Every structure is written in C-alpha cells, then in structure tokens.
Amino acid sequence: NQGTTFTGLPGRLKDTIDNTISDFLLEAGPNKYYRFNSNFEEKILHSYNNKFPLNAILVWLYRFRNFDSINLDNIRKLFLADYKLTEDIASKLFAADKISVTKDDKPIDSSNVRSVLKITDMVEVISGREINPFIKIVSVKSKDISNAIGGNCIMDATYLLQLLSKYKQIILSGVPGTGKSFYIDEIASEYHRVFKVQFHPNYTYQDFVIGKIISDGTIKSVHGILLNILNNMAKDDNKKNQYLLALDEINRGNLSSILGELLYALDRDKTITIKDIDGNEFKINLPPNLHILGTMNSADRSIALVDYAIRRRFYFVELEPNYALIDQLSTFNSEKLLGDFLQALNDNIVKFFNNRDYRLGHSYFIKGTGTADWNSEDVFELLHFKMIPMLIEYAQGDYDVIKNTVSAEIANASTEELFSKMKTYCGRS
C-alpha cells in the first residue's frame, strides 16, 4: 500500500490492511475475513498513477513454486482463479508487459530477479535482510494449474483410464460439445465388457438395482442392470477382467431414488444387503474391477445440483472447450479460424450470461474422427440451425443474446460474407 513503511512483513501487512480499510477498498466479510468492495477497481485506479506489471506480479507471487514448465499464460489463469479476478479487471489494474522468463532449479539472487522484471526502481529493498527460513518450495505440475482454473486441458483417454483405475468412480462434467460421451467410446476397448445406462427423470431403483413385475398373474422379482452386471462378473473365471458401467446424463435422474441404499456400497469398503419380494437376500460389494464413469451436462440448469453424498463418492473431472483441437482437425476455407472463433464466442457468452456453463464445446466444429475443411454453407447452417437456437434457449427467448454473443454482423451475413465477417470477429484483418 502507498506510504507503508517497509520495516518487516508483519508490520507491513497490518499497515496495508489498516490503510486499505481507511481507503474503503475492503469490507468485513464472514468469519473475520476481508473482501473487496464492489467498486474497488475504480478506487484503485483513482488512487494510483502507475500500474504494476502483471507478469512481475506473477513471478513474484509464485517464486517459491517449482513448475514443471514455464507458461505465463497458464500461470496468469492460476492467479486469476486464486484471487477471484476476471480478465477485464486484471487488464484494468495491471500493466501489460513483455518479459522473458526461463526455468532454473538453482536459486537466483533477488536483485537479478528485479532486474529481469524491470522493477528495480519500483521496489524498496532493505539490505542484508535474511531469507525467510520457513519458506518451502512447492512443486506445481501442469495438471495442477489446469485443475485450479477449472479446466482440464490435458485430459485424454490414457489419463482417464489412470484415474478410473485409481479412484474407480469418475464423473465427467462440462458444457455441451466437450466430448463427454466420446470418452466412453474412446476407452471402451480397454474393458472386457461395457454397460451403458442413460439416466432420466423416469429411471428408477427398480430399473437399476432390483424391482418387481407381474407375470402370469404373479408378482415376481426382477434384477436391475447393476445386479445383472455383478452376476456376470461373479461367473467370470478371470477376476482380472475390467468392467465399465457408463452412466450417461447422471444428473438427469433422481439419484437418491435410483441408488437407494446402494449409496453406501459406493464407498467400496462397505457391503450392503438387499431383499427381493420373496425374502431372498443379496449382498452387494462393488468389486475393484468394476469402474463407474458418469457424464454430466453442466449447462442443464433445469436439473438439481448433484447431492453432496454423491459428490463425496465420485471424483469430478471438468472438460473444457479445446480450441487447439479444433485447429488441429478443422479448417474453414483452408484456414485455421474456427478455434479462434469459438473462443471469442465463448468469451462473449460468459460476459452476456455471467455464467461459464453456457459456453459451447469444441465438438461443434469437429467432423467425425479425421480432419475436415469446412465450407461457408456448412458453417452457416451450423450457426443458424444449431448454435444460435441453443443460445436463444439459454437466454429464455431473449434475442438480444444474438447481437451480444455471435454479433449482428455474423448473424446477418450471407454465406459469401461469412468467412470475412468471422475473421473480423476474431480480430484478424
């Protein structure tokens, strides 16, 4: 904070808090925490003339992290997630700077760091100050960054199989078009047998575990898909065979009703007992070679949030739109344009809805399993008959969503104009 005396970290911290409170930047939050006022960025911009370089902030904040690779763009996303800032606010508060950062496992003298960051004249230094002996280096992998920013850019079939082998129960979540169902087909060949079930509001415990039917005037018990799977596995002489139960659209069903007491069996260390109408008992203990993979569309706001008891028993992997994959597999008039277009569109969608769950996934612009060159007619039809109607549905019929996301220029463009309008939309000449 401006005017703070640099006489030691504890004193500096207290002075900073006291001074910023007096400047009305912070307000008391719950549990004795402080939080920024809603207009804190305007007050900061009004009070401070010089913007501190953002990359300098990043290197300084994460200087005791041992990254497996240096990528300032990813570290910036980590910073924004850690401090709950948006890109817009960050661009207001910090200066954009171009600095070169290299990875080195050896300690670097702090004066050299300040020289590289070009902030020597902006920082007051106390000579002879000892390095804090309690600071420890923390190792950070690329996967950690991806998870922190709410995405999973490095997810692939191999990694998903590793997670299933380790944790047994995984739910893939994400917006439409991020490849949730694709991954089920991608890993199917690694399993002895794959069983697929699609949950929906009318799916019941009787369908999934055990139920009853009337046959020839008599009420009889009937096994659901889970008991049938466990029976098949019990008859398998090779106990090393892996089985996969794929639960598509898992959050569309009433999970508490569908699972019943099976919820406790998901802990994997518990055995539950169920009875049929004749009083026969069935002991259920989910074997380690049965993996459960669910998919969940995070954009479906009509569906209640998944019960906390379910969340505790599954590992959740969020799939992000993969713009680089679009450019690897799809071109538009032989140019790599569609990835940039979808990224710009998703940025506008988040701004309009203030909700990242309404973004669109990369599979919209991927045809089959190979590469493809899209023509103007195909892109036009995709936009007008699939993507724009979905955005209008998200906006509950508010057609302003078109001009605020896709843009009026693209929505009104003919097939002949579409390519050039999309290039302009992406900031290309």
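Keep in mind the model is a prediction, meaning the values are calculated, not measured.
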* Got more than 12 heavy atoms from elsewhere within 6.0 Å of NZ, K166? -> no

* Asked: Which atom names give the shortest non-hydrogen contact between R359 and E320, and what distance separates them?
  -> NH2-OE2, 2.9 Å

* Asked: Taking C-beta and beyond as the side chain, do I225 and D207 meet within less than 4.5 Å on heavy atoms?
  -> no

* With a 3.5 Å cut-off and no angle check, do the side chains of Y243 and D236 form a donor-acceptor pair? -> yes

* Near-ring test F332/F341, centroid separation under 6.0 angstrom -> no

* **Under 3.5 Å: donor-acceptor pair, side chain of D248, backbone of S181** => no

* To do: Measure the spacing between CG of L338 and CD of Q343 and express it to the nearest 0.5 Å.
  => 13.0 Å

* Asked: What do you reckon, is CZ of F419 surrounded by more than 12 foreign heavy atoms closer than 6.0 Å?
  -> yes

* Cut-off 3.5 Å, side chains only: do T405 and N348 have a donor facing an acceptor? -> no

* Pairwise distance CG(L163) to CD1(I170) - rounded to 0.5 angstrom -> 5.0 Å

* Do Q169 and R268 have side-chain atoms, one donor and one acceptor, less than 3.5 Å apart? -> yes

* Structure fact -> Distance col, row I171:CD1 vs L293:CG, nearest 0.5 angstrom, shows 9.0 Å

* Who passes ring pair (Phe, Tyr, Trp, His ring centres under 6.0 Å) against F353, sequence neighbours left out? -> Y358

* Taking T424 for the side chain and S420 for the main chain, is one N or O donor matched with an acceptor at less than 3.5 Å? -> yes

* Asked: Are any of the side-chain heavy atoms of T204 and S257 separated by less than 4.5 Å?
  -> no

* To do: Could I get the full list of ring pair (Phe, Tyr, Trp, His ring centres under 6.0 Å) partners for F195, not counting sequence neighbours?
  => none

* Only counting residues at least two apart or in another chain, list the ones meeting ring pair (Phe, Tyr, Trp, His ring centres under 6.0 Å) with H291. => Y191

* When you check the side-chain N and O atoms of Y205 and E261, is any donor under 3.5 Å from an acceptor? -> yes

* Asked: Under 3.5 Å, is there a donor-acceptor pair between the side chain of D340 and the main chain of C426?
  -> no

* Do N404 side-chain atoms and F352 backbone N/O form a donor-acceptor pair below 3.5 Å? -> no

